[in-house]
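A quick write-up on the structure given underneath.
In what follows, every chain begins at residue 1, and chains take the letters A, B, ... in the order their sequences are listed. Heavy atoms only: backbone and side chains are in, while hydrogens, waters and symmetry mates are out.
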There are 2 protein chains.
Amino acid sequence: MRISYDIKSCVSCVYRQMLFGDLSDREYELINEARTEKIFRKGEVIVKENEPIDSFLYLRQGLVKFYKTDEHGKDHLLSITKPGDFVNLLNIFSDTNYHYSVCALEETMVCEVKLDALKEVIASNSKFALRILNRIGHISDEVILNRFEISRKQIKGRVAYILIYLADQIYKNPEFRIPITRRELGELISMTTENTIRTLSEFKNDGIISMEGKVITILDYDRLHNILKTG
Amino acid sequence: MRISYDIKSCVSCVYRQMLFGDLSDREYELINEARTEKIFRKGEVIVKENEPIDSFLYLRQGLVKFYKTDEHGKDHLLSITKPGDFVNLLNIFSDTNYHYSVCALEETMVCEVKLDALKEVIASNSKFALRILNRIGHISDEVILNRFEISRKQIKGRVAYILIYLADQIYKNPEFRIPITRRELGELISMTTENTIRTLSEFKNDGIISMEGKVITILDYDRLHNILKTG
DNA sequence: TAACAAATATGATATATGTCATAGGGATAA
DNA sequence: TTATCCCTATGACATATATCATATTTGTTA
């Protein structure tokens, strides 16, 4: 991890308007003074499960995974998260420690704002408060839906769900570069690496998708949707 | 369902203070005018998946389940919810339709507040806004954690998790009356009814729990916790 | 660049879980 | 009250998924 001092980048940041558009100059100044920009390399851990929360974090660039590690050292992924999302999934006002570890899947830029400063602004600006909490709520709902859909399906349905989720929600394109390994994909849908690979191979052999390393293209949406529904 | 006109009950309601403690007299009046109290009998559906949201709902008494029904008519439970929780799990400000159906597990009293009135008060009172959104966030986090823990475990671990959750979090007592059938328990942990019953029987035969119909007592916390960890 | 570790891939086999069948008990409605 | 339906329960068997073994390919680091 290294700290970025490229202050200019803040002015042009898309999230400045998106998140902090409702702030007065003084409030913005308060946030900005409490702000640090950090860059994490692929594989670096951003926060660890059970660590105390003292900052509000949001993703400016890159991609991260939320996960927990079990007694046998196996990781279980809760979700993957894209720019604009928050690294603090859980309610930063009602809990004091992280529930999940967060790790960078690629070079990732994170903005860190001291929680005290954020709370001060939230208490004084209800528009801002609503905006932040709405976003957290929305992200939480998406995580709930994804976990629910995954847990009620069998392996083919789970893989189909993730492929459609990535194509439709994340990349908005039937062809995309999957940002995680097959192993991580398995950890995300609670299946073994081997069975995850086998299922992808089966989809490929059946002409439902094409695969070239990490680049996946959905060729037959209808059949994939059918697997999603019945599996 | 029947509508209750027992207005006096509102004055002594524990949730009045808990939720609406920050409101001015005028704000409270606004909410109260937009409020209806409804009583649902066991098995009655309170809201249906995909219906538009036009009210904020909270549970005053009773117990409900959140669920979805699949193509084959099989239900899948997301969670069960206790008094003080909201029936609107998802972010009522960022979405327009329910994601899940909600059904009463026992006689249940629900307070319904028109969303327009609630939004008006939220916009003018940031303390109240924070209180409401904090609660929703907290409930969402609990749902996320439960679903995550369930999906990463095998059947014994899942049953152990639910038993400990009910004993520790909901009833705060090693002996409790389980509020759902074995079938619903299976639907909650994404397992078949038969295997759910088999696992409970196994725990009983091993002396880990005792069971007498719906009344379950955890006899050996240590072993159950061990199953939770390793399963 | 070479050496090594990790990722992808597939087969054989073991284990976990689901499905089907059956039966008694208890709740609910006519 | 009886009749019916659902819940609880258990066994036998089928299917889904995990585990173990092995090989090739890819990516990372010395």
K214(B) side chain near dC7(D) phosphate (N/O to OP1/OP2, under 4.0 Å):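 Negative; the distance criterion is not met.
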Residues forming a salt bridge (Lys or Arg N to Asp or Glu O under 4.0 Å) with R198(A), sequence neighbours excluded: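 For R198(A) there are no salt bridge (Lys or Arg N to Asp or Glu O under 4.0 Å) partners, ignoring immediate neighbours.
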Donor-acceptor under 3.5 Å (S101(B) side chain, E49(B) main chain):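 Between the backbone of E49(B) and the side chain of S101(B) there is a qualifying donor-acceptor contact (under 3.5 Å).
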Backbone N/O of N226(B) and side chain of T230(B): donor-acceptor pair under 3.5 Å: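 Pair found, side chain donor or acceptor close to backbone of N226(B).
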Within residues 67-75 of chain B: residues closer than 4.0 Å to DNA chain C (heavy atoms):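 The answer is none.
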Polar contact flag, side-chain donor to acceptor under 3.5 angstrom, H76(A)-D70(A):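 A donor-acceptor contact under 3.5 Å links the two side chains.
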Whole-Å distance separating the CD1 atom of I197(B) from the C1' atom of dG11(D):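 To the nearest whole Å, that distance equals 13 Å.
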Those residues that, when tested against [X], pass side-chain hydrogen bond (donor to acceptor under 3.5 Å, both in side chains) (two or more places apart):
{"X": "S55(A)", "value": "E112(A)"}
{"X": "D220(B)", "value": "R223(B)"}
{"X": "E175(A)", "value": "T217(A)"}

L105(A) side, atom CG; F40(A) side, atom CZ - distance, nearest 0.5 Å: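 Going from CG on L105(A) over to CZ on F40(A), the span is 13.5 Å.
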Residue-level proximity of residues 199-211 of chain A to DNA chain D when a heavy atom falls under 4.0 Å: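 Residues of residues 199-211 of chain A under 4.0 Å from DNA chain D: none.
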Sorted by number, the residues of residues 176-185 of chain A with heavy-atom contact under 4.0 Å to DNA chain D: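 Output list: empty, so none.
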Nucleotide-resolved protein contact map, nucleotides 24-30 of chain C, B/S/- at heavy-atom distance under 4.0 Å: -------
Axis-to-axis angle between the two ends of the helix from dT1(C)-dA30(D) to dA30(C)-dT1(D) (five base pairs per end, rounded to 10 degrees):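 Roughly 60°, once rounded to the nearest ten degrees.
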side-chain contact (heavy atoms from CB on, under 4.5 Å) partners for R183(A), two or more places apart: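 With neighbours one apart ignored, the set is T181(A), E187(A), T193(A).
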Enumerate the protein-to-nucleotides 14-23 of chain D contacts in which both atoms are nitrogen or oxygen and the separation is below 3.5 Å.
{"residue": "dA16(D)", "atom": "O3'", "partner": "Q154(A)", "partner atom": "OE1", "Å": "3.3"}
{"residue": "dT17(D)", "atom": "OP1", "partner": "I155(A)", "partner atom": "N", "Å": "3.3"}
{"residue": "dA18(D)", "atom": "OP2", "partner": "T192(A)", "partner atom": "N", "Å": "3.3"}
{"residue": "dA18(D)", "atom": "OP2", "partner": "T192(A)", "partner atom": "OG1", "Å": "3.3"}
{"residue": "dA18(D)", "atom": "OP2", "partner": "N195(A)", "partner atom": "ND2", "Å": "2.9"}
{"residue": "dA18(D)", "atom": "N7", "partner": "N195(A)", "partner atom": "ND2", "Å": "3.2"}
{"residue": "dT19(D)", "atom": "O4", "partner": "R198(A)", "partner atom": "NH2", "Å": "2.9"}
{"residue": "dC20(D)", "atom": "N4", "partner": "E194(A)", "partner atom": "OE2", "Å": "3.1"}

All pairs passing side-chain hydrogen bond (donor to acceptor under 3.5 Å, both in side chains) where residues 154-169 of chain B contributes a residue, at least two apart: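 Qualifying pairs: E142(B)-Y165(B), N146(B)-Y161(B), K156(B)-E202(B), D168(B)-Y221(B).
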